[in-house]
Amino acid sequence: MLSSCSDKNSASSKSNPNDGSSSSKSVLSSSKVKTEESISATTLFSGYSEDQIEYARVTEAIIHYYKGDYQPVSIEVTKNGQNHHVFPYKGSITIPEDTVTLSFSYDNTMAGTTNITYHSNQNGSIKFYKNPNHYQDERYLNDPTWVNEESKKLLNSSQTLEIPLTYDKLASQIISLINIK
């Protein structure tokens, strides 16, 4: 489960003696912003689980990360337990944490589909890698040593991405598309 990124962006509770501010004033402002964000999220995502909200937010963040200019027409979610194989082939390394694989498409074709696997950092960010859409190389089937090296490379290419709340309106428009396998 992701924690809200807005927690890191909340107002400081320190006073500034030069501007006459007080710590209680800053905390009050911070609380008001958090309350407004909470009310907005509650309204936008009414009837959906925290997991579904997370998947919709992560989908939108990934679309924007890759500079996509579309809304997906399908979103599939697979919850992977601990020790999930990076590749579905002999020799692949495993990921010790629970992960989620998101597959979303703007046109339901292989070329229009993005597949990522991520692990929540529990601080409003994820660590993710982009999965291949298909496995054409014959070595996947017959070379476990090569598969092991390729899976290490993919896992080492993982990136950390903050999941902002700024895409919540877009996320609310796609959340009903989520199909959890």
Side-chain angles (χ1 to χ4, degrees), residues 1-10 30 33-34 36-38 40-89 92-106 108 110-135 150-181:
M1 181 77 49
L2 293 171
S3 298
S4 171
C5 290
S6 64
D7 292 344
K8 288 193 265 182
N9 299 327
S10 61
S30 175
V33 169
K34 287 182 185 176
E36 288 172 1
E37 286 176 354
S38 178
S40 176
T42 301
T43 303
L44 287 172
F45 300 118
S46 179
Y48 292 100
S49 71
E50 289 181 15
D51 284 347
Q52 290 170 307
I53 295 167
E54 175 180 312
Y55 306 145
R57 284 177 171 159
V58 170
T59 299
E60 283 298 334
I62 294 291
I63 289 170
H64 286 84
Y65 176 82
Y66 286 112
K67 304 199 182 335
D69 187 22
Y70 66 90
Q71 287 291 85
V73 296
S74 63
I75 304 169
E76 297 214 353
V77 176
T78 304
K79 294 181 180 185
N80 308 308
Q82 293 178 335
N83 299 315
H84 170 74
H85 286 88
V86 173
F87 293 136
Y89 297 101
S92 176
I93 64 170
T94 59
I95 304 169
E97 303 92 3
D98 289 332
T99 60
V100 172
T101 299
L102 284 178
S103 178
F104 50 91
S105 179
Y106 61 82
N108 287 328
M110 188 182 306
T113 300
T114 300
N115 297 296
I116 64 137
T117 296
Y118 76 90
H119 169 73
S120 174
N121 294 324
Q122 302 299 318
N123 65 357
S125 71
I126 61 168
K127 186 171 182 177
F128 80 97
Y129 62 87
K130 191 172 181 182
N131 302 59
N133 281 10
H134 50 73
Y135 303 90
E150 290 300 303
S151 61
K152 284 179 186 174
K153 284 183 200 174
L154 185 60
L155 196 55
N156 288 336
S157 75
S158 294
Q159 301 170 58
T160 300
L161 179 65
E162 299 258 344
I163 306 301
L165 304 180
T166 53
Y167 305 131
D168 273 5
K169 187 170 183 181
L170 292 170
S172 72
Q173 295 169 5
I174 64 168
I175 197 167
S176 66
L177 301 174
I178 294 171
N179 177 26
I180 302 171
K181 291 182 171 182

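Note that these values count all heavy atoms, side chains included, but never hydrogens, waters or copies made by symmetry.
Side chain of H84 to main chain of N80: no donor-acceptor pair is present (N/O by atom type, distance under 3.5 Å, no hydrogens or angles). T59 places a side-chain N or O within 3.5 Å of a backbone atom of Y55 that can act as its donor or acceptor partner. Between the side chain of E60 and the backbone N or O of R57, no donor-acceptor pair lies under 3.5 Å. Using a distance-only test at 3.5 Å, with no hydrogens or angles considered, a donor-acceptor pair links the side chain of N123 to the main chain of S125. Not a single donor-acceptor pair under 3.5 Å links the side chain of S172 to the backbone N or O of F45. S105 contributes a side-chain N or O that, together with a main-chain N or O of G112, makes up a donor-acceptor pair within less than 3.5 Å. Of the possible polar contacts, one joining the S92 side chain to the F87 backbone as a donor-acceptor pair under 3.5 Å is found. When atom types are taken as modelled, the side chain of S151 and the backbone of I93 share a donor-acceptor pair closer than 3.5 angstrom. The backbone N or O of K79 lies less than 3.5 Å from no partner atom in the side chain of D98, so there is not a single donor-acceptor pair.
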inquiry  = Using the rule given for side chain to side chain contact (heavy atoms under 4.5 Å, CB included), can you reason through N83 versus I95, listing the C-alpha separation, both sets of side-chain angles and the distance that settles it, and then say yes or no?
reply    = CA-CA 5 Å; N83 299 315; I95 304 169; over 6 Å; no

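Just one residue in the list Q159, K127, E54 forms a side chain to side chain donor-acceptor pair (under 3.5 Å) with Y118, and that residue is E54. Among D51, L102, I75, the one residue that satisfies the side chain to side chain contact (heavy atoms under 4.5 Å, CB included) test with I178 is I75.
Checking T99 against T117 by side-chain atom types alone, no donor-acceptor pair falls below 3.5 Å. Defined by atom type and a distance below 3.5 Å, a donor-acceptor pair is missing between the side-chain atoms of N179 and S74. No donor-acceptor contact under 3.5 angstrom links the side chains of N133 and T113, judged on distance only.
For Y65 and F128, the gap between ring centers is short of 6.0 Å.
Between the NE2 atom in H119 and the CD1 atom in I126 there is a gap of 10.5 Å [rounded to 0.5 Å].
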